[in-house]
Amino acid sequence: MVALIDCNSFYASCEQVFRPDLWGKPVVVLSNNDGCVIAANREAKALTDIPMFEPVFKIREQLKAHQVNVFSSNYAFYGEMSQRVMNILHQFSPQVEVYSIDESFIDVTGIISADATAYAAQIRDRVYRYTGLPVGVGVAKTKVLAKAANRIAKKFHRQLNTVYVIDTEEKRIKALKWLKVEDVWGIGRQHAKRLKSIGVHTAYEFTKLSAGWVRRHMTVVGLRIWDELNGRPRLGIQEMPKPKKGIGTAKSFGRPLEDLGLIEEACAYYISEVAEVLRAQKSCATFINVFLHTNRFSVKDAQYSNSITITLPVATNDTLRLIASAKKALYQIYKPGYRYKKVGVCLLGIVPQEFVQGNLFHPEKKNVQALMETFDRLNYKYGKAKVYSALCGNRKKEWQLIQEERGPRYTTRWDELAVIHTKKQPPA
DNA sequence: TCTGGGGTCCTAGGACCC
DNA sequence: TCTGGGGTCCTAGGACCC
């Protein structure tokens, strides 16, 4: 049996944990650059004129009218709260697969007692008690069914209290008949459209299609889902996260940029960020991909986008070498005269640091490892980007993303800790 | 004025090898 | 009339996830 634990409206819930004054009130969290709504709590979802993924500038009036509490995204904070939740889940099973920032699968085979619902409720209660975050728990024989159970748990939260177990054939059939085909985990827009066109509207109807049809039109991926819905496990619990195949970042600028100098600085800064992640997992990169594009939504701006992948002479995790290569790549795709909206970098061909193939003509610079370690130690101790390459420049204000409403980073900054005021000592 | 970011996996087709 | 068979590697594109 597998349990799926999923935090309710995770980002919005995080913002509410240390703000009791917001409990029961609508809260939304915005994407980077304060672009669109990417998370909304139950109260905000109830306001039908505030759809998810809607650009903020289009719904500013509605947000104001409903007195919605709006936050910029605060990933340092969400990441740390996620860590707390995942740590608690390890108390319930030795096998935990952290699937995303707000959900985990845990293997409860042989652990879950006769009363599976009570066990699931215990998970929910402990996470809430230790972190203040509400979660839903779905339990079933396969991951795809656990996902379905979780959806039922949340949909009928009043009756079920956000916990649901599919442990009998009757319950499985009932769940599948209720679940719309487009809501099956792994069936997206395209496949849902095709399935509906042949009269398949529910998960149950999907399971009644032939294996051959599913394989032909939805590849082996679809077939696995089909099996899982039929109660045959095909997706295992992936305890050890696979090493990443690429580490990238790409963020929109706060305003459009034409100047190559500024784009170079942003690019160098992004490289510094991803190189730090690379070193943290003790790897080196063999290729760098750099891409650049204008604002695709703008009708009046001329459009241009390009991307290039270059091979490094030697796989490396040296920020300075990576920046030098990325800059060369950027020069090859930059064309003057456009208003650029975004530059992105991606490190590829990731290999363990100890297996890097040397290059006779590009000897490793002396003391590079020591220098990078010093970089990372200082930045860990004194805060992000306290030490950086001069190639990142000092004009970050000109390109960095907009975050007007970011809340405190309660759990990762000493000067932003939550403060509790008592009645006797009013705030100074 | 203003429209997110970071990933995974699979397939088909082309280039190439012997 | 008829033009092999068995591979690998790479890339682009499509589909999906949170």
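Here is how names work: the chains are called A, B, and so on, in the same order as the sequence lines, proteins then strands, and each is numbered from 1. Computed over heavy atoms, backbone and side chain alike; hydrogens, waters and symmetry mates excluded.
- For B/dG5, one of the phosphate oxygens OP1 or OP2 lies less than 4.0 angstrom from a side-chain nitrogen or oxygen of A/Ser252.
- Across all strands, A/Val184 comes closer than 4.0 Å only to sugar-phosphate atoms, never to a base (heavy-atom distances).
- Here the side chain of A/Ser9 pairs no donor or acceptor atom with the backbone of A/Ala12 at under 3.5 angstrom.
- Residues A/Phe57 and A/Thr219 each lie close to DNA chain B; by heavy-atom proximity, the contact nearer the 5' end of the strand is made by A/Phe57.
- At the heavy-atom level, A/Ser73 lies nowhere under 4.0 Å from the strands shown.
- Atom NE2 of A/His191 and atom C1' of C/dC16 are 8 Å apart (whole Å).
- Among the nucleotides C/dA15, B/dG6, B/dG4, the one closest to the side chain of A/Ala250 is B/dG6.
- For A/Asn33 and B/dT3, the CG to P distance is 7 Å, given to the nearest whole Å.
- Between A/Arg255 and A/Glu398, at least one side-chain nitrogen of the basic residue sits less than 4.0 Å from a carboxylate oxygen of the acidic one, meeting the salt-bridge criterion.
- Side-chain contact of A/Thr411 with A/Glu80: a donor-acceptor pair under 3.5 Å is present, judged by distance alone.
- Nearest to the side-chain atoms of A/Cys36 among the listed nucleotides B/dT3, B/dG6, C/dC17 stands B/dT3.
- If you check every strand for non-hydrogen atoms under 4.0 Å, A/Tyr99 touches sugar and phosphate atoms only.
- Of the side-chain N and O atoms in A/Lys147, none sit less than 4.0 angstrom from OP1 or OP2 of C/dC17.
- A salt bridge is absent between A/Arg19 and A/Glu15: the closest approach of a Lys/Arg side-chain nitrogen to an acidic carboxylate oxygen does not fall below 4.0 angstrom.
- Residue A/Leu401 is out of contact with every strand shown, counting any heavy-atom pair closer than 4.0 Å.
- Between A/Tyr99 and A/Trp185, the ring centre distance stays below 6.0 Å.
- Here the P atom of nucleotide B/dT3 and the CZ atom of A/Arg60 are 11 Å apart, to the nearest Å.
- The distance from atom NZ of A/Lys300 to atom C1' of B/dT3 is 14 Å, rounded to the nearest whole Å.
- Computed from coordinates, the A/Leu348 CG to C/dA12 P distance equals 12 Å when rounded to whole Å.
- Residue A/Lys251 is the one, among A/Lys251 and A/Lys244, whose nearest nucleotide of DNA chain B lies closer to the 5' end (criterion: closest heavy atom).
- For an aromatic pair to be called close, the ring centres must be under 6.0 Å apart, and A/Phe71 with A/Tyr11 fails this.
- Taking atom CD on A/Glu97 and atom P on C/dC18, their separation rounds to 12 Å, with Å as the unit.
- Between A/Ser100 and C/dC17, a side-chain N or O to OP1/OP2 separation shorter than 4.0 Å is absent.
- No engagement by A/Arg216 is indicated, since no non-hydrogen atom pair under 4.0 Å with the nucleic acid exists.
- Across B/dG6, B/dT3, B/dG4, the shortest atom-to-atom separation from the side chain of A/Lys58 is found for B/dT3.
- In this structure a side-chain-to-backbone donor-acceptor pair under 3.5 Å is missing from A/Asn74 to A/Arg406.
- If you check every strand for non-hydrogen atoms under 4.0 Å, A/Arg224 touches sugar and phosphate atoms only.
- At the heavy-atom level, A/Asp34 lies nowhere under 4.0 Å from the strands shown.
- Nucleic acid contact for A/Arg255: none, since no nucleic acid atom lies under 4.0 Å from a heavy atom of the residue.
- One atom, OH of A/Tyr11, and another, P of B/dG6, lie 11 Å apart when rounded to the nearest Å.
- When both pairing distances are held under 3.5 Å, B/dC18 makes a Watson-Crick or G-U pair with C/dG5.
- The side chain of A/Val221 has B/dC10 as its nearest neighbour among C/dA15, B/dC10, B/dG7.
- Among the nucleotides C/dC18, B/dC2, B/dG7, the one closest to the side chain of A/Trp185 is C/dC18.
- The interatomic distance linking A/Glu405 (CD) with B/dG4 (C1') rounds to 17 Å, in whole Å.
- Across all strands shown, A/Lys341 has heavy atoms under 4.0 Å from sugar-phosphate atoms exclusively, and none from any base.
- Heavy atoms of A/Glu103 sit under 4.0 angstrom from primed sugar atoms or phosphate atoms, though from no base atom.
- In this structure, A/Asn32 reaches the sugar-phosphate backbone alone: every heavy-atom distance under 4.0 Å involves primed, P, OP1 or OP2 atoms, never a base.
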